[in-house]
Amino acid sequence: MFPIKFIRDNLALLRQASELKNEKVDWERFEQLDQQRRGYLKAVEEKRHVQKQLGEKVAAARNSGQSGDSFLQEARVLSAEIDSLEEKLAWLEAELTSLASRIPNLPHSSVPRGKDASANQVVRTWGEIKEKNFTVLPHWEIGEKLGLLDLTRGAKVAGSSFPCFLGQGATLVRGLINFMIELHTNAGFKEVWVPALVNRESMFGTGQLPKLEEDMYRLKDDDLFLIPTAEVPVTNLHREEVIPEEMLPLYYVAYTPCFRREAGAYGKETRGLVRVHQFDKVEMVKFVSPESSYQELESLVAEAEKVLQALELPYRVVLLCTGELSFAASKCYDLEVWAPGLQRWLEVSSCSNFEAFQARRAGLRYRSRKGKVDYLHTLNGSGIALPRTLIALLEYHQQADGSIYLPRALRPYLGGREYLS
RNA sequence: GGAGAGAUGGCUGAGUGGACGAAAGCGCCCGCCUCGAAAGCGGGUGUGCCCGCAAGGGCACCGGGGGUUCGAAUCCCUCUCUCUCCGCCA
């Protein structure tokens, strides 16, 4: 969210940016409301000024033993006028704020322009894709065959796209979570455990609301939302706070379940674990000073990459184009892992710099060494999401005999074994 | 769930209807002193919005919202949160 004045002074820039991001904003209405608001504001302020002076006259009169009532008639009329002007002003401000909250963040100058994924840039690829001399089974087949995964019973218990993991499959999930958190805490991230339900303010703070309300699970009786990502509770940890610059950067890592409605997303493209309503994810969040945020983005991506490297899975790093950037992001890299059973690259991590966009919405500030208070920059990156990582493990590390090779890094979490069978 | 107490600036904390954007202290910034620092001394120190080229001026903000009043940090209602006690509970 940008300040109204900034929007007014940078209409052309923001308009172009929102078109690049495929976001619709009613700019004519914005200009019209803004102009009206300033007109009413001026009128209200002038009348209030007179009102104050009258009030002072009443007080002065009473202090010197007179009644002061002669001013009251005029003051009453003025008070009523102010009331009606303020009502209109409040409505205009609410409308304007609502419009402003739907203006997307500006893409960074280094972000390629483009409408869709075809304009994304692959910035690097890691590992080589080794072709197998047998047909790789898709993860849902090999997963069910080995008794690691049960999609049918998940559907019975909750509904379609709510997977269950069994036996060593469940151990693998738990092991992956521990492995990732330990990796990131060793790199200086502080582990946090946060609520999986958040309030409306938190959802607004990170930019999920107002735009994405339909994509969230919501508890109507309490007006709480199930988190779509740990980004929401972790970024909001410091909402409405001023952090001393000496404490920056702050690095956090959190495991949480994530919930997404993914309305109407069933089909071939989303079979098995590709797109599910509930999944597990380890997320990294950074609070940094504005000068350092782009450097911090690069090191955040590198930190996420360490997970895939340790899991011995080939992946590529993709720089998203403007049209693929999310509402709140200025710049974003995706990590995509190779799934040979599906013959597709799968997104397992998004690492974004939001600059001060979330910070302004959530009141996240820092006090510089000079004593100046300003908005800090926030970043987050998956480190990484589990279901698609499991797909890659089950498919890429699949052996001719139907067993699954376990990378060295995971073995301590699965009783030291080298293969799942 | 019930009863009570509370929420004031970066922090602690005064203020119970009019000259209060808000005492005092701490912190922070600038200066003096010093070889340098500490201590001491002096000065300064919130944010947002509107008008203005600027200088400057105006308005708002004492947890959120609403009300009473010519006028609210102060009185009333309501919500949220914190603390204490009771109840319930994995």
Side-chain angles (χ1 to χ4, degrees), chain A residues 1-11 30-101 193-205 209 219-225 233 236-248 250 287 289 356 359-376:
Chain A
M1 178 132 157
F2 298 103
I4 302 292
K5 196 202 280 192
F6 177 87
I7 301 171
R8 178 160 65 233
D9 294 342
N10 295 277
L11 269 178
F30 178 89
E31 287 192 81
Q32 193 192 336
L33 289 172
D34 179 50
Q35 211 162 20
Q36 280 185 38
R37 171 180 160 268
R38 281 186 289 165
Y40 275 92
L41 186 62
K42 209 175 164 198
V44 167
E45 287 188 352
E46 280 165 1
K47 284 189 192 294
R48 262 208 282 249
H49 183 59
V50 177
Q51 183 182 42
K52 268 189 155 178
Q53 291 175 325
L54 280 172
E56 279 165 23
K57 284 181 192 165
V58 174
R62 292 200 178 156
N63 284 343
S64 60
Q66 291 152 327
S67 78
D69 289 355
S70 53
F71 303 110
L72 290 191
Q73 181 55 34
E74 190 187 345
R76 280 195 194 99
V77 173
L78 198 57
S79 183
E81 285 173 0
I82 290 172
D83 275 355
S84 77
L85 285 173
E86 275 192 324
E87 198 180 322
K88 177 78 178 171
L89 185 63
W91 181 84
L92 283 165
E93 285 186 340
E95 288 294 305
L96 207 56
T97 305
S98 161
L99 258 184
S101 74
W193 190 272
V194 291
L197 263 63
V198 296
N199 57 30
R200 193 167 273 281
E201 290 74 26
S202 294
M203 279 294 195
F204 183 86
L209 291 183
L219 280 71
K220 288 198 177 61
D221 287 345
D222 302 285
D223 204 29
L224 292 172
F225 297 82
N236 278 282
L237 239 30
H238 292 294
R239 174 148 49 86
E240 305 300 335
E241 288 183 22
V242 179
I243 299 168
E245 188 174 10
E246 299 79 64
M247 286 177 68
L248 298 180
L250 286 171
F287 299 83
S289 64
R360 276 187 296 261
R361 293 170 86 98
L364 297 161
R365 289 152 295 166
Y366 74 105
R367 177 175 295 274
S368 74
R369 289 176 177 86
K370 289 271 179 204
K372 184 99 182 111
V373 174
D374 199 3
Y375 293 107
L376 46 74

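The sequence lines fix the lettering, A, B, ..., with proteins before strands; numbering per chain opens at 1. What's counted below: heavy atoms across the whole structure, side chains too, no hydrogens, waters or symmetry copies. Every value quoted in this text rests on a predicted model; they were computed, and no experiment measured them.
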>> Are the side chains of A/L78 and A/E81 in contact, using a 4.5 Å heavy-atom criterion?
In response: yes
>> Taking B/G25 as the reference, what is the distance to B/A19 when you measure between their P atoms (whole Å, please)?
In response: 22 Å
> To the side chain of A/V58, which of B/C50, B/G10, B/C70 is closest?
Replying inline: B/C70
> Taking the same atom, P, in B/G13 and in B/G67, what whole-Å distance lies between them?
Replying inline: 32 Å
> In the strands shown, is B/A55 matched to any nucleotide by a Watson-Crick or G-U wobble pair with both distances under 3.5 Å, and which?
Replying inline: none
> Considering only heavy atoms, which members of residues 74-83 of chain A lie under 4.0 Å from some atom of RNA chain B?
Replying inline: A/A75, A/R76, A/S79
> If only atom types and distance count, is the side chain of A/N10 paired as donor or acceptor with the main-chain N or O of A/F6 below 3.5 Å?
Replying inline: yes
> What distance, rounded to whole Å, do you find between the two P atoms, one in B/G87 and one in B/G48?
Replying inline: 50 Å
> B/C50 C1' sits how many Å from A/K47 NZ, rounded?
Replying inline: 17 Å
>> Looking at every non-hydrogen atom in both residues, tell me the closest pair between A/A362 and A/N236 and how far apart they are.
In response: CB-OD1, 4.2 Å
> Looking only at atom C1', what distance separates B/U47 and B/U8, rounded to whole Å?
Replying inline: 15 Å
> Does B/A23 pair with anything, Watson-Crick or G-U wobble, both distances under 3.5 Å, and if so, with which nucleotide?
Replying inline: none
>> Less than 4.0 angstrom between a side-chain N/O of A/R38 and OP1 or OP2 of B/C51, yes or no?
In response: yes
>> Under 4.0 Å, counting only non-hydrogen atoms across every strand here, what does A/Q51 touch: a base, just sugar-phosphate, or nothing?
In response: sugar-phosphate
> Roughly how far apart, to the nearest Å, are B/A22 and B/A60 at atom P?
Replying inline: 13 Å
>> Rounding to an integer number of angstrom, what distance separates B/G63 and B/U45 when you compare their C1' atoms?
In response: 25 Å
>> For a 4.5 angstrom cut-off between non-hydrogen side-chain atoms, does A/Y366 reach A/V242?
In response: no
> To the nearest 0.5 Å, what is the distance between CD (A/E93) and CG (A/L89)?
Replying inline: 4.5 Å
>> When you compare the side chain of A/V194 with that of A/L237, does any pair of heavy atoms fall below 4.5 Å?
In response: yes
> According to the Watson-Crick and G-U wobble definitions, with both distances under 3.5 Å, which nucleotide is paired to B/G87?
Replying inline: none
> If you measure from the P atom in B/C26 to the same atom in B/C33, how many Å do you get, rounded?
Replying inline: 23 Å
> Whole-Å distance between B/C50 C1' and A/Q36 CD?
Replying inline: 16 Å
> Just how far, in rounded Å, is P of B/U80 from CZ of A/R200?
Replying inline: 15 Å
> For the residue pair A/A359 and A/Y375, what are the closest heavy atoms and their distance?
Replying inline: O-CD2, 3.5 Å
> Just how far is it from atom CZ of A/F2 to atom CZ of A/R361, taken to the nearest 0.5 Å?
Replying inline: 10.0 Å
> Measuring from A/R48:CZ to A/K52:NZ, what's the distance to the nearest 0.5 Å?
Replying inline: 9.0 Å
>> Taking the minimum atom-to-atom distance to the side chain of A/A60, which one of B/C49, B/C70, B/A19 wins?
In response: B/A19
> Is B/U82 paired to anything, Watson-Crick or G-U wobble with both distances less than 3.5 Å, and if yes, which nucleotide?
Replying inline: B/A5
> Using the C1' atom in both, what is the distance from B/G9 to B/C62, to the nearest Å?
Replying inline: 9 Å
> Quick one: what's the B/S/- string for nucleotides 53-64 of chain B, heavy-atom cutoff under 4.0 Å, read 5' to 3'?
Replying inline: -----BBS----
>> Which heavy atom of A/R360 sits nearest to which heavy atom of A/P3, and what is that distance?
In response: CD-CD, 4.0 Å
> Can you name the nearest heavy-atom pair linking A/M203 to A/V198, along with the distance?
Replying inline: CG-CG2, 3.9 Å
> Mind checking whether A/R8 and A/R38 have side chains closer than 4.5 Å, heavy atoms only?
Replying inline: yes
> Which sits closer to the 5' end of RNA chain B, A/D34 or A/A59, going by the nucleotide each is nearest to?
Replying inline: A/A59
> In residues 86-97 of chain A, which residues come under 4.0 Å of RNA chain B by heavy atom?
Replying inline: none
> B/C61 pairs with which nucleotide, Watson-Crick or G-U wobble, both distances below 3.5 Å?
Replying inline: B/G46
> For B/G71, which nucleotide in any strand shown is its Watson-Crick or wobble partner with both distances under 3.5 Å?
Replying inline: none
>> If I take atom CD in residue A/E201 and atom C1' in nucleotide B/C81, what distance separates them, rounded to the nearest angstrom?
In response: 12 Å
>> Within the 4.0 Å heavy-atom criterion, would you say A/R365 contacts the bases, only the backbone, or no part of the nucleic acid?
In response: nothing
>> I'd like to know if the side chain of A/R200 reaches the main chain of A/L209, judged simply by a donor and an acceptor atom lying under 3.5 Å from each other, with no hydrogens or angles considered.
In response: no
> Considering Watson-Crick and G-U wobble pairs with both distances under 3.5 Å, what does B/C35 pair with?
Replying inline: none
> Which atom names give the shortest non-hydrogen contact between A/L364 and A/H238, and what distance separates them?
Replying inline: CD2-O, 3.1 Å
> Using a cut-off of 4.0 Å on non-hydrogen atoms, how would the nucleic acid contact of A/R37 be classed: base, sugar-phosphate, or nothing?
Replying inline: sugar-phosphate
